[in-house]
A.B. asks: 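Have a look at this one before I ask anything.
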Amino acid sequence: MAASRFSQSTTAVSNHLEEFTENGNHAEEDGERSVYSSDTVVNNNSNARDLSETASSSYTAMTTTTSMAYLPQTVVLCELRHDGFEDCVPSGPSDSGLVSKWRPRDRMKTGCVALVLCLNISVDPPDVIKISPCARMECWIDPFSMAPQKALETIGRTLNQQYERWQPKARYKYSLDPTVEEVKKLCTTCRKYAKSERVLFHYNGHGVPKPTPNGEIWLFNKSYTQYIPLPISDLDSWLKTPSIYVFDCSAAGLIVSAFIQLQDYSTATSGSPTRDCILLAACEAHETLPQSAEFPADVFTSCLTTPIKMALRWFCTRSLLHESFDYSLIDRIPGRQTDRKTLLGELNWIFTAVTDTIAWNVLPHDLFQRLFRQDLLVASLFRNFLLAERIMRSANCSPISYPMLPPTHQHHMWDAWDMAAEICLSQLPTLVEDPNAEFQPSPFFTEQLTAFEVWLDHGSEHKKPPEQLPIVLQVLLSQCHRFRALVLLGRFLDMGPWAVELALSVGIFPYVLKLLQTTTPELRQILVFIWTKILALDKSCQVDLVKDGGHTYFIRFLDSVEAYPEQRAMAAFVLAVIVDGHRRGQEACIEIEAGLIHVCLRHLQCSSPNEAQTEPLFLQWICLCLGKLWEDFLEAQLLGLQADAPAILAPLLSEPQPEVRAAAVFALGTALEIGFDTSRDGHGDEDCDDDEKVRAEASIVKNLLNVVADGSPLVRAEVAVALSRFAFAHNKHLKSVAAAYWKPQSGSVLTSLPSFTVRGSGSGYTTPTHYMPHGSIIPSPIAPLLRVGNESQPVVRDGRVSTSSPLATSGIMHGSPLSDDSSQHSDSGVLNDTVSNGVLHHSRRRPLDNALYSQCVLAMCNLAKDPSPRVASLGRRVLSVIGIEQVVAKSFKPAGASARLGESAAAASSSLAGLARSSSWFELNGGAHLPLTFRTPPVSPPRPSYLTGMRRVCSLEFRPHLINSPDSGLADPLLASAGPSGTSERSFLPQSMIYNWSCGHFSKPLLTAMDDSEDIIARREEREKLALDHIVKCQHSSVSKLHNQIASWDTKFETGTKTALLQPFSPVVIASDENERIRVWNYEEATLLNSFSNHDFPDKGVSKLCLVNELDENMLLVASNDGNIRVWKDYTSKGQQKLVTAFASIQGHRPGAHGVNAVVDWQQQSGYLFSSGEISSIMAWDLDKEQLVNTIPLPQDSSISALAVSQVHGGQFAAGFVDGYVRLYDIRTAEMLVASTRPHTQRVERVVGIGFQPGLEPAKIVSASQAGNIQFLDMRCAKNTYLTIDAHRGSLTALAVHRHAPLIASGSAKQLIKVFNLEGDPLGTIRYYPTFMAQKIGSVSCLTFHPYQVLLAAGAADACVSIYADEISPPR
């Protein structure tokens, strides 16, 4: 959304501009960068736009030009970072929660298998009546085809081999027709061997009676003359857990019931949780095994151990093939089960995929994990158990399991299996006859992937999850489908965290981990994408990656040239997660062969501005990756300093994207050693002191100080966090400097606040290039001197000489009396000599020069007063690190009308009279309201507790006085420890949030665009059409009197209305007062929509209200008198308003000025906000970049009293000055100033109102002075003024110029509003009548026209806002 969604054009504009830009072709407005470059047609150095869809055909060419110029396409402040920055503590990759859910609890293996066969061949048990012909095969062997003993042994051996195929590593023991003693010995041996692993006990009871109702199974006595029962409880006590039992006998359900009773009993008596036992039984308690000769006698065992053979034989009897098919071929299927490129291997693979899929879709998640993902043998048996259920139910026999499974025998995936089996069997005769015949792979996987793709096109989180997910997993094993499967998997994971969690629970993790060992180039991008998605959900995978050496894969990818920057940003993200708080990962990544630091720095260096390749996301993640790599890891910090990292990162602090700047601040901040590196073993003290390091630290801090007044709260929050690390490390030095600022008095609350005198400063005021925001504790004249080191010779700066200042000579500020009448409270020789001798030496850290410390303290104080509540709270925490705690009175409203805290305090306490004078820094910097409640009981004398004081904490040691709940009573008692003592204090430092916040980007869908854009575009087009209709009407309107009052609203503001604003597309008026209350009113329904405070401690007044993005989701920009800007969204819904961004638009102000009296205006075309006031320059802020892009110097000793931007020519604005001058500026020209004139000459009167005349002419201006004369100027002519109206004698207070209609209105202190046309003819006068109050009504305080209709809103000092229209009610 950089700036313009449709590429905007100002063809018309450029023609006018050519008259006064130096060489006729102006640069394309910066605010109009187009995202969709393919749509951009370059025309006359401006983008041309096809307007056919918005301008209806009835309009003339004029309209098209108008729409291009009048409907700006720029949209600002709509990025992710503006969505709830103030109240979000965004979660990054989660540390807990999901981690345990998808990971198999503990992988287990079955270590020992006990096979017990009670066949007693040739003797049938007494309770079985066999049919003829009867099922006889055991393990596919006919027991009657050889001598009984030999048959028994062969069957035992074969069963052993069949199980071994599923778990070759286990130890196998079998017992044939055994006695109870033999079984006991077998069981105890197995458990002894398996230790804590699982034991499998397989029981075949085809030669003994059914189990008893008590759940006893039958064995033999030594001489085979009796059947001996064995209670299941004995068996259980020998085998212990974990165990799995397979019972292949009739009425096996009896055993399961008995076992469950045993479990319940033991849980009830011992209270121990259920043990890990799994049972598979061939049939229900009332069923007997199928005897039909089409099945083997041990059909259950055959399904469990030779599923493919069993499934094919069963399928043949049911398929069309059974007439012609030779069953013996099934035993001769070519290939190996483990080789997926052969027929047998592929069948086995498809069978696995089908059964896995059925299980995943039917079973509850936890049960699936336990049975299908924990133990290979158990998983195989359960997959095969699904087949047994299908086959045996066809013979009216229901196999059962414990834990029970839902029925699966009718699942539609069996059809896919049948089809695959049929395709395979149809090829079989050819393949058996001719070993060289070509084997045709089954289309099964391709078709299933297509089904998955169809789901991806139509599925969503709220629909049923895709059935094919387990198949996608199986497909990753084969090279031929792997790429397609990975791409589809990537698309699925992109649907959101729920999708990643589903995929992980299916078991994709080990597969994608293994794939990092492949070198196939085409898989690299998609693998990086998949890992990005996994790590965005679950950070704990960092451990697995480092263990398997996966980090090197991503470092190689990061360094590869052919990958796109966005993809390399993902690799940087993966690496950042690998090193995030993970020492093993940090160490692995800085090893010589990995060399991550050098790779990252190299990419930052080559990203020079002229290269198109620098993707902001890539720069952002390289910085975050570096920051995480050396966070609290000294070795990496030193490597970074050796590689000159601070110098390479510094240029990024002026990048256009706030996220990149914030990430660079983060990387610089974590490069500061904080003194808590856990990896240092005593070898740190000596290398800490080397000059390199001190120099590096100083340069890092200087760089941080340069962005302390950045336009984006995101960046300032990071600066605060970085400075807190610095403050923690250089605690003592900073405390001593802070102590010199605030000398402790006997009481805890300060009774005097020193201001600082600067002797011999030659400059009258500071140049705004300084980053000391207005409101610094030191009035600005000191700012130019702050850079001074400890030299005493005069310093030349900006061509002005300043002789040695207190800072330069001693390095520590002198306090001085506040003013003459309060000198009894103050002591001017603050701590000067003692500090410099005493404190600076008992820390092992080398001190930096004191000037730098002073700047840091100033910067910290400014952060504590930041307009963004979030940054301010961080700033206060930083101050408390250096021992300054703010003590603030509860917000307190005086009884009188005066709402200024200073005045009321003076009234309350005469002894503090000096403090009410605005010369104290107290008023200058707005320090009067640091929003912290009063946390200590007021110390006597109680009166100063109305005031904000700065309270120094008594000890100079670091104390974590956490700023918690407002009413926590006393400050924390001083602790006994003598120095920073470990992580408890460390954890008090404010935490950075840019990393966690940035991680959120990767959890969101990256491959698909958001869907709501169509509605947005449709609404936008509708509004453009409406606006164009109205504009045309306005331009052709012949307005008469404009005195028909259609609405009047008593705003109930105590101090009267200060500013008002009409919304373009709804009947809403917004007004605000001196106390920065903002009220929103619907004037058609006469209802109050919302009322809120701009901030908690308002004492400045609002100087301007503007609408940002008025053709889209508009936001309210509120500029306070001190130059602080706050932008609100959702401000028309009660209590729903959200602060989008906040910054101080004015930095540094003149000494002696009472305040800044900011004048601000917003220009949608260019995306620029211009602000000035009683300062020495005009600041131009680009709200898209949230950055100060230009500082236009003003003539000596002149300050601006009115400012207006052109609504049609991006970059152009006019300023009216206190001394009557009017100047026209164009930010696109090199020298900025276009023309200057002084129309108001009768008396030197300040310009109170200024505005561009409607229409496309670039230099026609209306300006009004306090004296009451209104001048019509054409700045291009030598004699600029071509028309003068004397509107109000000596009392003009407000001027409004309509954006499109030929109308201007002026208001006076004498309750009059006059309306003129552009020829200067008076159209009418609106008088205020004392309507509902008897007393006289106050002067007109603000006038504003509706942007697209002939409507005028007027606000007066009596808090009444009236809206006037022409005779008839205006069209809606």
Side-chain angles (χ1 to χ4, degrees), residues 91-96 99-100 103 513 516 531 534-556 558 571-601 621-643 645 663 666-685 687-688 693 721-722 724-725 728-729 980-996 998-999:
S91 52
S94 55
D95 300 292
S96 58
V99 181
S100 49
R103 281 186 190 267
L513 190 60
L516 292 179
W531 272 103
I534 292 175
L535 288 172
L537 176 85
D538 186 353
K539 169 188 162 186
S540 71
C541 306
Q542 53 179 199
V543 182
D544 311 75
L545 278 171
V546 176
K547 206 156 56 190
D548 280 31
H551 59 284
T552 54
Y553 188 87
F554 298 101
I555 295 176
R556 277 201 306 276
L558 185 64
F573 162 72
V574 170
L575 289 162
V577 178
I578 288 176
V579 297
D580 176 21
H582 182 215
R583 180 47 51 88
R584 192 57 218 95
Q586 289 174 315
E587 287 163 353
C589 287
I590 64 165
E591 282 162 6
I592 301 299
E593 58 275 12
L596 181 53
I597 290 185
H598 295 287
V599 171
C600 289
L601 291 174
W621 275 103
I622 291 268
C623 292
L624 291 170
C625 179
L626 281 172
K628 280 291 171 191
L629 180 55
W630 55 49
E631 187 172 37
D632 303 334
F633 183 32
L634 187 65
E635 211 175 318
Q637 289 169 356
L638 293 172
L639 279 172
L641 294 183
Q642 284 158 15
F666 171 74
L668 286 170
T670 51
L672 290 168
E673 187 211 339
I674 196 167
F676 269 141
D677 189 315
T678 46
S679 67
R680 311 174 41 171
D681 313 312
H683 67 273
D685 278 353
D687 59 12
C688 252
K693 192 126 178 274
V721 172
S724 76
R725 293 175 65 91
F728 190 87
S981 58
T983 43
S984 60
E985 305 199 336
R986 165 67 203 285
S987 64
F988 166 69
L989 287 185
Q991 293 304 303
S992 158
M993 50 177 281
I994 180 70
Y995 170 75
N996 276 355
S998 303
C999 290

A.B. asks: Which heavy atom of Ser992 sits nearest to which heavy atom of Val721, and what is that distance?
C.D. replies: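 Looks like N-CG1, 3.6 Å.
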A.B. asks: So Asp548 and Leu516, do their side chains get closer than 4.5 Å, heavy atoms only?
C.D. replies: no
A.B. asks: Taking atom CZ of Arg556 and atom NE2 of His551, what is their separation to the nearest 0.5 Å?
C.D. replies: 10.0 Å
A.B. asks: Return the CZ to CG distance between Phe728 and Leu989, rounded to the nearest 0.5 Å.
C.D. replies: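 Between atom CZ of Phe728 and atom CG of Leu989 there are 5.5 Å.
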A.B. asks: Donor-acceptor pair, Gln586 side chain versus Glu631 backbone, under 3.5 Å?
C.D. replies: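 Flag set: sc Gln586 to bb Glu631 pair under 3.5 Å.
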A.B. asks: Does the Glu591 side chain pair with the main chain of Leu596, one donor and one acceptor, at a distance under 3.5 Å?
C.D. replies: no
A.B. asks: Quick check against the 3.5 Å criterion: does Glu673 have a side-chain atom that pairs as donor or acceptor with the backbone of Ala671?
C.D. replies: no
A.B. asks: Apply side chain to side chain contact (heavy atoms under 4.5 Å, CB included) to the pair Arg103 and Cys541, showing each step before the final yes or no.
C.D. replies: CA-CA 10 Å; Arg103 281 186 190 267; Cys541 306; 3.9 Å; yes
A.B. asks: Would you mind reporting whether Phe633 and Val579 have side-chain heavy atoms less than 4.5 Å apart?
C.D. replies: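 Counting from C-beta outward, Val579 and Phe633 never come under 4.5 Å.
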A.B. asks: Please determine whether side chain to side chain contact (heavy atoms under 4.5 Å, CB included) holds for the pair Asp632 and Arg725, giving the CA-CA distance in whole Å, both sets of side-chain angles, and the decisive distance to 0.1 Å.
C.D. replies: CA-CA 11 Å; Asp632 303 334; Arg725 293 175 65 91; 3.4 Å; yes
A.B. asks: What closest approach, in Å, do Leu575 and Cys625 show between heavy atoms, and which atom pair accounts for it?
C.D. replies: CB-SG, 3.8 Å
A.B. asks: On a heavy-atom basis, which atom in Val546 and which in His582 lie closest, and how many Å separate them?
C.D. replies: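 Heavy-atom minimum between the residues: CG2-CE1, 3.8 Å.
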A.B. asks: Would you say the side chain of Lys693 lies within less than 4.5 Å of the side chain of Leu641, judging by non-hydrogen atoms?
C.D. replies: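 Answer yes - side chains close enough.
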A.B. asks: Where do Cys600 and Leu558 land on the side chain to side chain contact (heavy atoms under 4.5 Å, CB included) test, with the steps shown first?
C.D. replies: CA-CA 8 Å; Cys600 289; Leu558 185 64; 4.2 Å; yes
A.B. asks: How close do Leu624 and Ala663 get, heavy atom to heavy atom, and via which atoms?
C.D. replies: CG-CB, 3.8 Å
A.B. asks: Does any part of the side chain of Cys999, heavy atoms only, come nearer than 4.5 Å to the side chain of Trp621, both counted from C-beta?
C.D. replies: yes
A.B. asks: Taking all heavy atoms of Glu635 and all of Ile590, pick out the closest pair and write down the distance.
C.D. replies: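 Minimum heavy-atom contact is OE2-CD1, 3.9 Å.
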A.B. asks: Can you see which heavy atom on Ala594 is nearest to which on Cys589, and at what distance?
C.D. replies: CB-O, 3.6 Å
A.B. asks: Using the rule side chain to side chain contact (heavy atoms under 4.5 Å, CB included), only one of Ile555, Leu545, Val543, Leu629 pairs with Ile578; which is it?
C.D. replies: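 The option that passes is Leu545.
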A.B. asks: Are any side-chain N or O atoms of Trp531 and backbone N or O atoms of Ala571, one a donor and one an acceptor, separated by less than 3.5 Å?
C.D. replies: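 Absent.
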A.B. asks: To the closest 0.5 Å, what do you measure between CZ (Phe554) and CG (Leu535)?
C.D. replies: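 If I round to the nearest 0.5 Å, the distance is 7.0 Å.
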A.B. asks: Is there a side chain to side chain contact (heavy atoms under 4.5 Å, CB included) between Val577 and Lys539 once you walk through the steps?
C.D. replies: CA-CA 6 Å; Val577 178; Lys539 169 188 162 186; 3.9 Å; yes
